Amino acid sequence: MATPPPRRRLLLLLLLFVFSDSLVSTARGQGVGINYGQIANNLPAPSRVVHLLNSLNITRVKLYDADPIVLSAFASSPVEFVIGLGNEHLQQMTDPSLAQAWIQTHVQPYISRTKINCITVGNEILTGNDSQLISNLLPAMETVSGALVNLGLSDKIYVTTAHSYGVLSNSFPPSSGIFRQDLVPYIQPILEFHARTKSPFLINAYPFFAYKDNPGEVSLDYVLFRPNAGSIDPVTNLHYDNMLYAQIDAVYSAIRLLGHTDIQVKVSETGWPSKGDVNEVGATPENAQLYNGNLINRIALNEGTPAKPSVPIDVFFFALFNEDLKPGPASERNYGLYYPDGTPVYNIGLQGFLPRMSYSFSAKNVILLFNFFVPVALFICLS
């Protein structure tokens, strides 16, 4: 076969690079969910975030509220939303008329054009110190679920709540996972709700915390999905090569101990900070890149955990952007995959695009560019 002239060969390589990079980015974006927090004063407008997520091929987004600007901006997009009812609304949501009014205001006006498939009622309520919130959690979930039934939306939207990993009193080995005894009276009926409504149990799981608290005992390779000896559960003889999968299976074990084997566990938050305070060991861009990048690779394999090999892991990364107004240690403001200007904090293989405010980017633009550049490229190659 004749060797193409240098100019032609260079152009062919360039075209191959452009299109293969696009295909890799698309493939790697599949199945990835992202938390879109907005506790910041410098974030791009939601209308611009639409383009970023589309370029990343991310089609699952979790909000902590039901921001009408965001839901409107994503109208007619392929993105499917989990929206949140904040902790401050829980007491009101125990009233059926108020719960129905909330859905009529925050869901019904958008659902014909924006995909909404879940409402989370509260976040990490059971590990908080507010006994009234804890008591109101399940009644609010029941009432919101009932309102969805009354409005004919229960076949499209399910109700759940997200829990801190602190609901467990023991998580190692995974087969010995158990809920805190003081929370069992609240968790047991919540599990019955999940079983009845076929909704998942959501957990916020952060191996980073385990490493930060015990860097001398917890293997960094084990928490970052790097090659390591792993650990074997002495009861099940199952081998674990990373902590996140062990954490998920510990939750399954705790649920099974309360009599349920039919409830799926989904990870509503996980991530790794790229920066932290002096005492936040391991909070570096390198570790964040490894954790999130390696987890994306595992998600692409469509694999399950050792105890649930046929159930692919379901994960929402935390978070889309760094949020500069979040309180707490420095790590809380540095979980983002992107800076507010759309620049990646580190490279995990998801190549995104955040347009400038004055720039309008659409499928039509792509077609026009394609129709322009491809003939030009062919002309150069053949000349």
Side-chain angles (χ1 to χ4, degrees), residues 33 35-39 62-67 81-96 98-99 102-103 106-107 118-148 157-171 177-197 199-206 209 247-248 250-252 254-255 257-258 260 263-271 314-316 318-319 323 326-328 332 335:
N35 282 276
Y36 179 9
Q38 298 182 80
I39 306 177
K62 180 169 163 283
L63 300 177
Y64 291 89
D65 54 19
D67 188 334
F81 280 92
V82 174
I83 61 174
L85 254 166
N87 297 357
E88 68 275 12
H89 297 299
L90 251 66
Q91 185 169 356
Q92 290 181 317
M93 291 304 103
T94 61
D95 183 321
L98 293 178
W102 189 90
I103 293 170
H106 295 91
V107 178
C118 173
I119 298 174
T120 56
V121 178
N123 184 56
E124 300 190 344
I125 295 292
L126 295 184
T127 48
N129 298 317
D130 191 323
S131 59
Q132 190 61 53
L133 276 180
I134 293 173
S135 298
N136 285 335
L137 177 56
L138 179 60
M141 293 171 66
E142 295 272 15
T143 305
V144 172
S145 181
L148 289 170
I157 303 172
Y158 64 85
V159 173
T160 185
T161 187
H163 303 280
S164 160
Y165 203 70
V167 295
L168 296 182
S169 61
N170 184 67
S171 61
I178 187 171
F179 290 117
R180 281 172 38 184
Q181 286 304 303
D182 62 315
L183 297 182
V184 169
Y186 302 101
I187 293 178
Q188 180 77 70
I190 288 175
L191 293 177
E192 292 167 3
F193 169 86
H194 288 313
R196 186 175 71 254
T197 62
S199 54
F201 187 93
L202 303 188
I203 195 76
N204 297 338
Y206 288 90
F209 294 143
Q247 290 181 330
I248 294 171
V251 177
Y252 273 120
I255 291 173
L257 198 61
L258 293 184
H260 293 276
I263 298 171
Q264 184 180 359
V265 175
K266 295 186 178 184
V267 179
S268 41
E269 288 182 19
T270 194
D314 193 301
V315 172
F316 281 83
F318 187 85
E323 298 172 70
K326 290 201 74 174
E332 287 294 320
Y335 273 94

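Note that this is a predicted model, so its numbers are computed, not measured.
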Student: Please step through side chain to side chain contact (heavy atoms under 4.5 Å, CB included) for the pair Leu98 and His89, ending with a clear verdict.
Tutor: CA-CA 10 Å; Leu98 293 178; His89 297 299; over 6 Å; no
Student: On a heavy-atom basis, which atom in Ser268 and which in Leu202 lie closest, and how many Å separate them?
Tutor: OG-CB, 3.6 Å
Student: Taking C-beta and beyond as the side chain, do His106 and Asp65 meet within less than 4.5 Å on heavy atoms?
Tutor: no
Student: On the 0 to 90° scale, with breaks at 30° and 60°, tag the His163-Phe201 ring pair as parallel, tilted or perpendicular.
Tutor: parallel
Student: What heavy-atom pair brings Ala254 and Leu168 nearest, and what distance separates the two atoms?
Tutor: CB-CD2, 3.7 Å
Student: Would the distance check show the side chain of Ser199 and the main-chain N or O of Tyr158 forming a donor-acceptor pair, the cut-off being under 3.5 Å?
Tutor: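 Not at all, since once roles are kept as given, no pair shorter than 3.5 Å links the two residues.
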Student: Which pair of non-hydrogen atoms, one from Val167 and one from Leu126, has the smallest distance, and what is that distance?
Tutor: CG1-CB, 4.3 Å
Student: How long is the span from the CG atom in Asp130 to the CD1 atom in Ile125, to the nearest 0.5 Å?
Tutor: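 Rounded to the nearest 0.5 Å, the CG-CD1 separation comes out at 7.5 Å.
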Student: Measure the spacing between OH of Tyr252 and CD1 of Ile263 and express it to the nearest 0.5 Å.
Tutor: 10.0 Å
Student: Walk me through whether Thr160 and Phe193 qualify under side chain to side chain contact (heavy atoms under 4.5 Å, CB included).
Tutor: CA-CA 9 Å; Thr160 185; Phe193 169 86; 5.8 Å; no
Student: Taking Ser131's backbone N and O only, do any of them form a donor-acceptor pair with Ser135's side chain (distance below 3.5 Å, no angle check)?
Tutor: yes
Student: Return the CG to CD1 distance between Leu148 and Ile103, rounded to the nearest 0.5 Å.
Tutor: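 Rounded to the nearest 0.5 Å, the CG-CD1 separation comes out at 4.0 Å.
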Student: Quick one: pull up CD1 in Ile83 and CG in Leu63 and give me the separation to the nearest 0.5 Å.
Tutor: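 Those atoms lie 8.0 Å apart.
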Student: Run the side chain to side chain contact (heavy atoms under 4.5 Å, CB included) check on Tyr64 and Asn35 step by step: do they pass?
Tutor: CA-CA 8 Å; Tyr64 291 89; Asn35 282 276; 3.0 Å; yes
Student: If only atom types and distance count, is the side chain of Asn87 paired as donor or acceptor with the main-chain N or O of Asn123 below 3.5 Å?
Tutor: yes
Student: State, to 0.1 Å, how close Met93 and Ala99 come at their nearest heavy-atom pair, and which atoms those are.
Tutor: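 Minimum heavy-atom separation between Met93 and Ala99: SD-CA, 3.7 Å.
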Student: Compute whether any side-chain donor of one residue and acceptor of the other, for Gln264 and Asp314, lie under 3.5 angstrom apart.
Tutor: no
Student: Any idea which heavy atoms bring Val107 and Trp102 closest together, and the distance?
Tutor: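 Minimum heavy-atom separation between Val107 and Trp102: CG2-CZ3, 4.0 Å.
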Student: Please tell me if the side chains of Thr197 and Val159 come closer than 4.5 Å, counting only heavy atoms from C-beta onward.
Tutor: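 Thr197 vs Val159: side chains apart.
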Student: For the pair Thr270 and Val315, evaluate side chain to side chain contact (heavy atoms under 4.5 Å, CB included) and give the outcome as yes or no after the intermediate values.
Tutor: CA-CA 7 Å; Thr270 194; Val315 172; 3.5 Å; yes
Student: Is any side-chain heavy atom of Ile134 less than 4.5 Å from a side-chain heavy atom of Tyr186?
Tutor: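 Sidechains of Tyr186 and Ile134: in contact.
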Student: Counting only heavy atoms not in Gln91, do more than 12 sit closer than 6.0 Å to its CD atom?
Tutor: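 Not more than 12 within 6.0 Å, no.
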Student: What is the distance from atom OG of Ser171 to atom CD1 of Ile178, rounded to the nearest 0.5 Å?
Tutor: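 That separation rounds to 11.5 Å.
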Student: OG1 of Thr94 to CE of Met141: how many Å apart, nearest 0.5 Å?
Tutor: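 Here the rounded value is 14.0 Å.
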Student: Compare all side-chain heavy atoms of His260 with those of Glu192 and state whether any distance is below 4.5 angstrom.
Tutor: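 When only atoms from C-beta onward are counted, Glu192 and His260 do touch, with a gap below 4.5 Å.
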Student: If you take all heavy atoms of Leu85 and Leu90, which pair is closest and at what distance?
Tutor: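 The pair with the smallest heavy-atom distance is O-CD1, 4.5 Å.
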Student: Within the distance-only criterion (no hydrogens, no angle test), does the side chain of Tyr165 pair as donor or acceptor with the backbone N or O of Gln247 below 3.5 angstrom?
Tutor: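 Yes; judged by distance alone, with no hydrogens or angles, the pair exists.
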Student: Give me the ring orientation class for Tyr206 and Phe209: parallel if the planes are under 30° apart, tilted from 30 to 60°, perpendicular past 60°.
Tutor: tilted
